[in-house]
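Each chain gets a letter, A, B and so on, in the order its sequence line appears, and its residues count up from 1. What you see below is based on every heavy atom in this structure, not just the backbone, and it leaves out hydrogens, waters and symmetry mates. Just so it is clear, the model here is predicted, and its values are computed rather than measured.
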Number of protein chains: 2
Amino acid sequence: MQSSGKNELTGVKEIARRANVSIGTVDRVLNNRTGVSEKTRNTILKIIEELNYQPNILARTLASKKSLHIAVLIPSVSSETNYWQAPLEGITVAEAEVKPYGMLLEKYFFDQNDKQSFIKQTEIILSKQVDGVLMAPMFMEESSIFADQCKKLMVPYVFINSDIPGHNSLCYVGPDLHHSGSLGAHLMSYLVSGTDQVLIVNISKEIDTLHHLLRKEEGFRAYFDSHNCSNPIVKIDIRDTDYLSVKKELTKVMSKHQIKGIFVTNSRVSSVARFLEESAVKGVKLVGYDFLEDNIEYLKKETIEFLISQKPKEQGYRGIMMLYNFLVHSAVIDQTYYMPIDILTKENYLFYRN
Amino acid sequence: MQSSGKNELTGVKEIARRANVSIGTVDRVLNNRTGVSEKTRNTILKIIEELNYQPNILARTLASKKSLHIAVLIPSVSSETNYWQAPLEGITVAEAEVKPYGMLLEKYFFDQNDKQSFIKQTEIILSKQVDGVLMAPMFMEESSIFADQCKKLMVPYVFINSDIPGHNSLCYVGPDLHHSGSLGAHLMSYLVSGTDQVLIVNISKEIDTLHHLLRKEEGFRAYFDSHNCSNPIVKIDIRDTDYLSVKKELTKVMSKHQIKGIFVTNSRVSSVARFLEESAVKGVKLVGYDFLEDNIEYLKKETIEFLISQKPKEQGYRGIMMLYNFLVHSAVIDQTYYMPIDILTKENYLFYRN
DNA sequence: CTTACTTTCGGGTACGTACACGAAACCATT
DNA sequence: AATGGTTTCGTGTACGTACCCGAAAGTAAG
């Protein structure tokens with residue numbers, strides 16, 4: 001430890017000295033409060049400019065007994081899928097990091113299969129006084145309405161995991177779904193040969209979330225088109241997420257077609273893997289999504305060839321940090337923060353960081 | 001903004017009140033300074049325990065006019081390779097982040113091809129009074145000596161990008177070279193068929209850095225062994241890094257063997273790609289390392305099939321943050337922080353974050 | 001020129017911690 | 001008991017900013 005360079009003439013005190021006023025007046029200018037004549041305000045402003053004054057955040061948040069309240073609105077971790085565990089963890093890490101700097105998080109969870117639960121939570125949030133919102137806009141319509149209400153209250157909000165374009169959120173943190181699907185297709189192209197049939201599987205109960213899956217499907221098809229692969233592509237939507245339903249649908253389609261590769265557009269890929277294993281199907285290559293325990297098991301056993309993951313934990317972390325940097329450091333925020341599209345294999349999954 | 005929950009009875013003042021002493025005494029205990037009787041020290045310690053007291057970092061660094069001085073010792077960004085640009089960027093980002101909290105970085109660069117320049121810089125660092133060191137231990141011997149000197153001075157040091165095991169550094173931040181090589185092999189196995197010959201290329205001038213490349217080669221071979229791939233593996237070391245030398249060596253080996261896949265163990269893969277293109281060789285699949293502009297160009301043109309990258313920028317960022325968390329938050333640091341092993345393709349490189 | 005009222009500003013205290021200085025208490029010698 | 005020395009502790013000030021209160025200056029009306 002060494003003593004720092006000292007005698008750097010900076011801070012409100014120096015500004016006050018130069019402007020020949022008290023620090024109180026400088027303070028009023030800085031926090032643009034009333035009670036300063038236009039003349040002195042200008043001289044002070046000029047001096048601030050000259051000095052390139054940067055307020056000391058430490059002292060600021062120490063002196064200010066205010067806290068920033070952030071509402072977090074994401075799906076609950078259901079027994080059906082624990083995908084949202086990861087973003088929640090990222091949010092919790094961020095929480096610990098920003099807490100000493102005066103940011104408090106309040107978490108609200110909703111049921112992915114129940115729009116009403118979402119609406120109810122938004123009402124609660126609106127009744128409180130919050131300074132920012134981090135949300136997963138799963139339900140298009142309802143999320144739009146809530147976002148608009150936030151905008152009216154001048155409360156910045158960040159979308160996470162999936163986007164609703166056109167609703168100028170402070171930022172979107174999440175995957176580029178189209179390219180994500182294209183990458184799936186690229187990987188698949190290594191696994192099948194020119195004439196093999198390929199199956200796309202969408203497994204989702206809610207129409208709203210299905211919409212996101214369709215963007216991946218588009219990307220997938222786009223790759224095969226632009227690389228003039230002539231593989232026939234079959235596609236099914238499975239609207240019941242339990243294993244038996246999945247099994248039934250897959251059995252049907254697999255008997256009808258000679259499928260050599262399957263692309264599952266979300267984390268439910270483990271159900272498909274289970275099906276392949278149980279029915280002892282050989283030679284079918286599987287590509288799917290997300291670093292979940294179930295999926296990794298099948299990756300290890302090489303039932304799943306590739307998993308694509310988009311750093312769900314970091315999505316949560318970044319989302320909070322965006323709000324933090326905006327509200328505390330008044331930083332300029334990019335409108336979209338696309339997550340990297342990560343490829344997981346048997347060899348590298350051990351080193352993966354969500 | 002809302003006012004926070006207030007009247008939380010915490011802080012030195014509360015401790016002092018409960019222990020019936022002044023805050024000065026509490027302060028002495030907290031910073032374990034001398035001048036406190038064993039008895040009162042124990043009562044204060046107990047109260048601190050009970051309250052689960054966490055010192056306010058803001059107030060602490062505000063009141064303390066000390067700064068932490070960190071020395072950063074990494075290769076300079078040469079014209080030959082700008083790999084170290086990325087870690088430097090990460091370090092710079094971290095610098096901006098920790099500066100308001102009283103941490104100052106001093107950067108020292110050395111020439112990768114000149115051990116003397118490394119030694120000279122370590123001497124300068126030792127002559128200054130620093131509180132921590134982040135270094136790339138490229139030269140085995142010299143790095144060991146420097147690390148030992150740091151240890152003697154009780155200065156924590158973090159290794160970045162490559163490790164020297166057995167030198168209990170505070171932490172190693174970087175890739176697991178063996179697994180990295182295995183992944184290269186896995187990817188290669190998709191690109192060649194059972195009997196094709198595969199070429200491993202090490203391009204490096206310095207023996208010391210060559211050592212790291214050998215760890216990747218081991219991993220590569222290990223994969224082929226454990227998956228009983230019978231592909232014949234050829235290997236060359238190229239000790240001159242300029243293009244003409246690379247071209248000469250490659251021409252020789254390619255004419256002698258029927259090579260179908262090439263694995264380049266570091267970022268020099270673009271030289272090999274250039275060779276393939278200029279000599280109009282077709283049907284040879286190329287896998288190599290690092291998200292560098294030259295490499296990406298060839299990835300786009302599909303001359304390079306896969307690039308493996310290990311977040312060089314984040315390595316720099318994490319390295320600094322390790323020291324920050326250790327020195328400022330006195331956090332417990334894991335001994336190794338392996339970076340994820342990322343796979344880059346034509347489809348996903350756009351979204352890659354170093 | 002008062003009086004009353006508004007605008008503009010300075011001084012003081014507080015946030016939670018670090019650290020220097022000096023006061024009080026303790027102990028051991030004469 | 002008086003002296004000197006050491007250990008133990010309390011008080012005060014500082015870090016850079018926020019915010020309150022009241023003083024000074026300015027303005028308008030009588």
At under 4.0 Å, does any side-chain N or O of [X] touch on OP1 or OP2 of [N]?
X     : N      : value
B/K65 : D/dG16 : no
B/S22 : D/dG10 : yes
A/Y53 : D/dG16 : no
A/R60 : D/dA18 : yes
A/R28 : C/dC9  : no
B/T40 : D/dC9  : yes
B/N56 : C/dC15 : no
B/T25 : D/dG10 : yes
A/K13 : D/dC15 : yes

Open item on the list: If you assign each of B/A59 and B/I23 to its closest nucleotide in DNA chain D, which residue comes earlier from the 5' end?
Closed with: B/I23
- [ ] Answer with base, sugar-phosphate or nothing: what part of the nucleic acid does A/T61 contact at a heavy-atom distance below 4.0 Å?
- [x]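 Nothing, no nucleic acid heavy atom in range.
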- [ ] Answer with base, sugar-phosphate or nothing: what part of the nucleic acid does B/T34 contact at a heavy-atom distance below 4.0 Å?
- [x]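 Contact class for B/T34: none.
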Can you tell me how far apart [atom1] ([X]) and [atom2] ([Y]) are? Round to the nearest 0.5 Å.
X      : Y      : atom1 : atom2 : answer
A/I74  : A/Y83  : CD1   : OH    : 10.5 Å
A/Y338 : A/D176 : OH    : CG    : 4.5 Å
B/Q129 : B/L153 : CD    : CG    : 8.0 Å
A/F139 : A/I119 : CZ    : CD1   : 9.0 Å

- [ ] Select one nucleotide: of C/dT17, D/dC9, D/dT17, the one nearest the side-chain heavy atoms of B/P55.
- [x]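 Closest nucleotide to the B/P55 side chain: C/dT17.
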Open item on the list: From the set C/dA18, C/dA14, C/dG16, return the single nucleotide nearest to any side-chain atom of B/R33.
Closed with: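 The nucleotide sitting nearest to the side chain is C/dA18.
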